[in-house]
Amino acid sequence: MDVERSKPATVGDTFGRPLKSLRLSVTDRCNLRCKYCMPEEEYGWLPRETLLSFEEIYALTDLFTALGVDKVRLTGGEPLLRRNLPTLIRMLRDNRRITEIALTTNGILLAEQAEALYDAGLHRITVSLDTLKSDRFRSLTRRDTHAQVLEGIEASLRVGFTCLKLDTVAMKGFNDDELVDLIEYGKRVGAEVRFIEYMDVGGATDWSLAKVLSRDAILELLGRRYGPVEPIAEASSAPAQRYRFPDGTIFGIIASTTRPFCATCDRSRLTADGLWYLCLYAKEGLDLREPLRMGVSRDELTALVRSRWEARKDRGAEERKDLEQVGLRESRLIEIQKLREDPHLEMHARGG
Ligand code: SAM
Ligand code: SF4
Ligand code: SF4
């Protein structure tokens with residue numbers, strides 16, 4: 001092993017933010033149609049031949065880790081729809097610079113895959129769970145698979161996953177009456193609940209500011225039931241601010257809409273077909289598939305990634321917030337026609 005491979009370079013963007021966390025979208029397909037993410041009737045999919053093979057994902061991840069990435073999150077679309085995902089996890093485990101491999105899933109296929117994922121060496125799972133009511137789940141997702149999600153959560157705990165997180169998109173008038181129930185459910189199964197503010201990302205064509213349940217409103221709602229909520233001081237670039245109730249229960253809030261945290265953002269995203277996005281809100285990504293398939297050397301690709309990160313100025317959520325201050329935050333980020341022309345603009349293509 002040469003020196004460069006054993007000690008990752010530290011690369012900073014224009015604001016000094018390091019390149020640390022990589023979200024790998026392994027498919028753009030999904031078995032749900034959550035209305036905050038995929039509310040339209042029809043979608044176009046990335047052509048199959050453009051999807052990165054596991055070997056290609058491994059090779060690209062390897063060069064990212066040479067530049068400082070040490071955390072990888074598998075996402076999508078629904079990542080468990082990608083066949084043989086445990087094989088990719090095993091391959092990634094061979095890269096010793098990766099200290100954490102996590103997965104974000106809607107949980108539907110988790111019961112059948114939890115054991116294989118655990119055996120492959122997956123470190124952490126986050127399951128998206130917006131409601132405990134099956135009829136509400138149906139109206140949110142246009143699918144009738146709520147029971148499978150709950151079974152998936154239980155199975156993942158049974159096979160040995162610890163530190164399970166449950167992510168809930170909190171929406172006014174939809175699930176604001178369930179925050180306490182979700183916390184209680186988390187306590188019961190031993191999982192940490194995190195509330196995510198509804199974001200106006202690409203694909204969220206139903207978004208409006210009026211539907212956003214803000215961090216302050218969430219804290220007020222929960223404080224009424226549990227008493228004073230204490231913020232936990234942590235030196236972390238994680239998107240969630242964590243809090244503790246007087247009874248010791250910990251939960252998190254990802255306040256991307258009302259309190260963006262771009263200042264410490266070390267995350268970037270690779271789509272299933274190899275486009276690299278420096279921000280959830282970025283309109284364009286850098287195609288890494290084409291040069292990889294053309295045989296461009298690892299050193300050249302690494303230099304390309306490094307120079308892009310060093311030029312990074314993205315602070316998408318903060319810019320959206322700035323527009324709001326002057327009354328210019330239009331109801332949706334990207335028009336439907338534009339989303340149809342370029343599916344990469346969709347949240348389900350670039351991963352949450
Ligand atoms: N399909 C998987 C899932 O749902 O967990 C992984 C991909 S999904 C895009 C990742 C996360 O993004 C989910 O937790 C989902 O709730 C969140 N998400 C999608 N659209 C969102 C929006 N408009 N605002 C906030 N979070 C959103
Ligand atoms: Fe829902 Fe995740 Fe699928 Fe989007 S990608 S529709 S959030 S399950
Ligand atoms: Fe990072 Fe962009 Fe999200 Fe800000 S909006 S936290 S820069 S991904």
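Just follow the structure's listing: the first ligand is 1, and inside any ligand the first atom is 1. Please read all numbers here as calculations on a predicted model, not as lab measurements.
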- Task: For the residue pair H348 and Y43, categorise the inter-ring angle as parallel (less than 30°), tilted (30 to 60°) or perpendicular (more than 60°).
- Result: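 Perpendicular: the ring planes of H348 and Y43 meet at over 60°.
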
- Salt bridge R158-E154, side-chain N to carboxylate O under 4.0 Å: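 Result for this pair is no, no salt bridge flagged.
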
- Query: Below 4.0 angstrom, N of the basic side chain to O of the carboxylate: do E318 and K321 qualify?
  - Reply: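 Not counted as a salt bridge, because no side-chain N and carboxylate O are separated by less than 4.0 Å.
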
Using atom types as modelled and distance alone, determine if a side-chain donor or acceptor of [X] lies under 3.5 Å from a backbone N or O of [Y].
| X | Y | result |
| --- | --- | --- |
| H123 | A102 | no |
| E56 | S53 | yes |
| R315 | C262 | no |
| R350 | L275 | no |
| T141 | R33 | no |
| D130 | V169 | yes |
| T131 | F137 | no |
| T126 | K165 | no |

- Scan side-chain atoms only and decide if T249 and D247 contain a donor-acceptor pair under the 3.5 Å cut-off.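 The criterion, which ignores hydrogens and geometry beyond distance, is satisfied for D247 and T249.
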
- Any side-chain donor-acceptor pair under 3.5 Å between E78 and N106?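 Indeed, the side chains of E78 and N106 share at least one donor-acceptor pair under 3.5 Å.
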
- Query: What do we get for T75 next to ligand 1 when only non-hydrogen atoms under 4.0 Å count, side chain, backbone, both or neither?
  - Reply: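 Side chain only.
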
Could you tell me which atoms of ligand 1, counted from 1 in the order shown, lie closer than 4.0 angstrom to a heavy atom of [X]?
| X | answer |
| --- | --- |
| A204 | 23 (N) |
| G76 | 7 (C), 9 (C) |
| C37 | 19 (C), 20 (N) |

Would you check the N or O atoms of [X], main chain and side chain alike, for any that come under 3.5 Å of an N or O of ligand 1?
| X | value |
| --- | --- |
| H348 | no |
| M199 | yes |
| S128 | yes |

Specify the protein heavy atom at minimum distance from [atom]: its residue, its atom name, and the distance to 0.1 Å.
| atom | value |
| --- | --- |
| atom 21 (C) of ligand 1 | Y36 CD1, 3.5 Å |
| atom 12 (O) of ligand 1 | M347 CE, 3.6 Å |
| atom 9 (C) of ligand 1 | G352 N, 3.7 Å |
| atom 26 (N) of ligand 1 | V169 CG2, 3.6 Å |

- Cut-off under 2.8 Å, centre atom 3 (Fe) of ligand 2, protein N/O/S atoms: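 Those protein N, O or S atoms (cut-off: under 2.8 Å from atom 3 (Fe) of ligand 2) are C30 SG.
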
- Message: Can you tell me which portion of R269 lies within the under-4.0 Å heavy-atom range of ligand 3? Options are side chain, backbone, both, or neither.
- Response: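 Side chain only.
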
- Message: Against ligand 1, does E78 come closer than 4.0 Å with any heavy atom?
- Response: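 Flag set, E78 near ligand 1.
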
- Message: For atom 1 (Fe) of ligand 3, which protein N/O/S atoms fall under 2.8 Å? Skip waters.
- Response: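 Listed by chain and number, the nearby protein N, O or S atoms are C265 SG.
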
- Considering residues at least two apart in sequence or located in another chain, which fulfil the side chain to side chain contact (heavy atoms under 4.5 Å, CB included) criterion with E234?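 Here the qualifying residues are I232, S236, R242.
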
- Option set G351, C34, G203, G77, criterion heavy-atom distance to atom 7 (C) of ligand 1, minimum: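 Result: the heavy atom closest to atom 7 (C) of ligand 1 is in G77.
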
- Test side chain to side chain donor-acceptor pair (under 3.5 Å) applied to Y281 - qualifying residues, sequence neighbours left out: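 Expected list: D200.
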
- Query: Any non-hydrogen atom of E318 lying under 4.0 Å from ligand 3?
  - Reply: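 No; E318 lies far enough from ligand 3 that no heavy-atom distance drops under 4.0 Å.
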
